[in-house]
J.: 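Encoded as structure tokens, here's the structure I'll be asking about.
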Amino acid sequence: MYIVLKQIHLAAAIGSLSLFVLRGLLMLADSPALRGKTLRILPHVVDTLLLLAGVGLAYLLRQVPGVSLWFTAKLVALLLYIVLGSVALKRGRSKGTRAFAFVAALAVFAYIVGVAIHKNPWSWFSA
């Protein structure tokens with residue numbers, strides 16, 4: 001079961017990132033395609049699958065926020081990524097603000113990947 005959940009989680013993470021990058025580029029280009037039905041619904045489906053697989057993995061691995069430092073760091077970073085993504089795609093008042101939030105969200109995503117790989121809150125900077 002672990003391998004299946006991990007593969008689903010990884011595939012959903014790649015899908016989520018791909019959709020975020022696409023939506024961010026469309027936002028920067030002021031493209032009306034960003035308002036299409038598929039790009040309004042599909043990211044939520046993929047992100048829900050990502051979250052459910054993540055919860056399943058946490059349960060199987062007995063990871064508890066506040067006890068496991070790397071897991072806690074990953075969850076806090078996930079919340080920051082969600083906020084920055086929201087600013088980048090919807091809530092930013094200017095294109096400059098949205099562009100900054102977009103790049104910052106991508107950096108936070110890279111941090112999350114590093115934490116997941118190294119199982120260390122220092123992410124890519126761990127030994």
Side-chain angles (χ1 to χ4, degrees):
M1 182 55 114
Y2 169 78
I3 297 296
V4 171
L5 278 177
K6 183 176 178 181
Q7 293 302 321
I8 291 170
H9 189 67
L10 290 172
I14 292 167
S16 180
L17 177 63
S18 299
L19 287 166
F20 180 68
V21 169
L22 174 62
R23 293 165 68 207
L25 294 175
L26 291 172
M27 174 275 301
L28 291 172
D30 291 321
S31 173
L34 186 58
R35 293 183 292 278
K37 190 172 185 175
T38 301
L39 285 180
R40 285 193 332 246
I41 296 171
L42 186 59
H44 297 293
V45 173
V46 172
D47 290 343
T48 299
L49 184 61
L50 176 62
L51 180 63
L52 290 174
V55 168
L57 285 169
Y59 177 78
L60 286 177
L61 297 173
R62 297 185 182 3
Q63 295 298 314
V64 179
V67 175
S68 172
L69 290 180
W70 75 269
F71 186 66
T72 303
K74 189 175 173 184
L75 289 179
V76 170
L78 174 63
L79 294 175
L80 179 58
Y81 173 73
I82 291 168
V83 169
L84 288 169
S86 178
V87 171
L89 297 177
K90 292 180 184 175
R91 303 192 193 303
R93 294 185 183 201
S94 70
K95 188 177 275 192
T97 299
R98 291 191 309 266
F100 177 80
F102 178 61
V103 171
L106 292 174
V108 172
F109 191 94
Y111 169 80
I112 292 169
V113 170
V115 170
I117 289 171
H118 297 286
K119 306 287 188 276
N120 188 316
W122 286 98
S123 186
W124 298 105
F125 302 104
S126 64

J.: So which residues get pulled into Ile8's cluster when ILVMFWY side chains under 4.5 Å apart are joined, directly or through others?
T.: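 Cluster partners of Ile8: Val4, Leu49.
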J.: Tell me every residue that passes ring-ring contact (aromatic ring centres under 6.0 Å, His included) with Trp124, counting only those two or more places apart in sequence or in another chain.
T.: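 Testing Trp124 for ring-ring contact (aromatic ring centres under 6.0 Å, His included), a comparison that skips the adjacent residues, returns His118.
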J.: Nearest 0.5 Å please: distance from the NZ atom of Lys6 over to the CG atom of Leu61.
T.: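 Lys6 NZ to Leu61 CG: 9.5 Å, rounded to 0.5 Å.
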J.: List the residues meeting ring-ring contact (aromatic ring centres under 6.0 Å, His included) with Phe20, not counting sequence neighbours, and say none if there are none.
T.: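 Testing Phe20 for ring-ring contact (aromatic ring centres under 6.0 Å, His included), a comparison that skips the adjacent residues, returns Tyr81, Phe102.
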J.: Applying ring pair (Phe, Tyr, Trp, His ring centres under 6.0 Å) as the test, list every pair that has at least one member in residues 31-59; sequence neighbours left out.
T.: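 As it turns out, there is no ring pair (Phe, Tyr, Trp, His ring centres under 6.0 Å) pair with a partner in residues 31-59 once direct neighbours are skipped.
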J.: Anything under 3.5 Å between a donor and an acceptor, one on a side chain of residues 9-16, the other on a protein residue two or more places apart or in another chain? List them.
T.:
| unit_1 | atom_1 | unit_2 | atom_2 | d |
| --- | --- | --- | --- | --- |
| His9 | ND1 | Leu50 | O | 3.2 |
| His9 | ND1 | Gly54 | N | 3.4 |
| Ser16 | OG | Asp47 | OD1 | 2.6 |

J.: Using 0.5 Å steps for rounding, measure from the CD1 atom of Ile112 to the CG atom of Leu17.
T.: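 Between atom CD1 of Ile112 and atom CG of Leu17 there are 10.5 Å.
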J.: Working to the nearest 0.5 angstrom, can you tell me the gap between Leu79 CG and Leu84 CG?
T.: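 Result: 11.0 Å between the selected atoms.
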J.: Could I get the full list of side chain to side chain donor-acceptor pair (under 3.5 Å) partners for Ser94, not counting sequence neighbours?
T.: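 By the side chain to side chain donor-acceptor pair (under 3.5 Å) rule, Ser94 matches Thr97.
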J.: Under the side chain to side chain donor-acceptor pair (under 3.5 Å) test, which residues partner Ser31, sequence neighbours left out?
T.: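 Not a single residue meets the side chain to side chain donor-acceptor pair (under 3.5 Å) criterion with Ser31.
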J.: Are the side chain of Thr72 and the backbone of Pro65 linked by a donor-acceptor contact shorter than 3.5 Å?
T.: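 No: the side chain of Thr72 does not pair with the backbone of Pro65.
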J.: Rounded to the nearest 0.5 Å, how far apart are CE of Met1 and CG of Leu57?
T.: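 Going from the CE atom of Met1 to the CG atom of Leu57 covers 10.0 Å.
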J.: Residues two or more places apart in sequence or in another chain: which of them pass side chain to side chain donor-acceptor pair (under 3.5 Å) with Ser68?
T.: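 Scan of Ser68 (side chain to side chain donor-acceptor pair (under 3.5 Å), adjacent residues dropped) gives Gln63, Trp70.
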J.: Check for me, please, whether Leu52 and Leu75 land in the same ILVMFWY cluster - side-chain distances under 4.5 Å, paths through other members count.
T.: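 In one cluster with Leu52: Leu75, no.
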J.: Are Leu19 and Leu106 grouped together when hydrophobic residues (ILVMFWY) are joined by side-chain heavy atoms under 4.5 angstrom apart?
T.: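 Yes, same cluster.
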J.: Closest approach of Ala99 and Met27, non-hydrogen atoms and distance?
T.: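 Looks like N-CE, 4.4 Å.
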J.: Please give the remaining members of the hydrophobic cluster of Val64, linking ILVMFWY side chains under 4.5 Å, ordered by chain and number.
T.: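 Members other than Val64 - counting any ILVMFWY side chain reachable under 4.5 Å - are Val67.
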J.: Using the rule that two of Ile, Leu, Val, Met, Phe, Trp, Tyr join whenever any of their side-chain heavy atoms come within less than 4.5 Å, decide whether Val21 and Leu34 are in one cluster.
T.: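 Yes, one cluster joins them.
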J.: How long is the span from the CZ atom in Phe109 to the CG atom in Leu80, to the nearest 0.5 Å?
T.: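 Between Phe109 CZ and Leu80 CG, I get 13.5 Å after rounding to 0.5 Å.
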J.: For Leu22, check side chain to side chain contact (heavy atoms under 4.5 Å, CB included) against everything at least two apart and list the hits.
T.: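 Only Leu26, Leu39 meet the side chain to side chain contact (heavy atoms under 4.5 Å, CB included) criterion with Leu22.
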J.: Can you name the side chain to side chain donor-acceptor pair (under 3.5 Å) partners of Lys119, sequence neighbours left out?
T.: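 Side chain to side chain donor-acceptor pair (under 3.5 Å) list for Lys119, sorted by chain: empty.
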J.: On a heavy-atom basis, which atom in Ala101 and which in Val87 lie closest, and how many Å separate them?
T.: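 Minimum heavy-atom separation between Ala101 and Val87: CB-CG1, 3.6 Å.
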J.: Hey, any chance Val103 and Leu78 share a hydrophobic cluster, counting ILVMFWY side chains that come within less than 4.5 Å of each other, even indirectly?
T.: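 No, Val103 and Leu78 fall in different hydrophobic clusters.
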J.: Using the salt bridge (charged side-chain N to carboxylate O under 4.0 Å, His left out) rule, collect all pairs that involve residues 25-41, keeping only residues at least two apart or in two chains.
T.: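 Those involving residues 25-41 are Asp30-Lys95.
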J.: Do the side chain of Arg98 and the main chain of Gly92 share a donor and acceptor less than 3.5 angstrom apart?
T.: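 Such a contact is found between Arg98 side chain and Gly92 backbone.
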J.: Find out if a path of hydrophobic residues (ILVMFWY) with successive side-chain heavy-atom gaps under 4.5 Å connects Leu5 to Leu51.
T.: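 Hydrophobic grouping puts Leu5 apart from Leu51.
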J.: Shortest non-hydrogen contact from Gly114 to Ser123?
T.: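 Nearest heavy atoms, Gly114 then Ser123: CA-OG, 3.2 Å.
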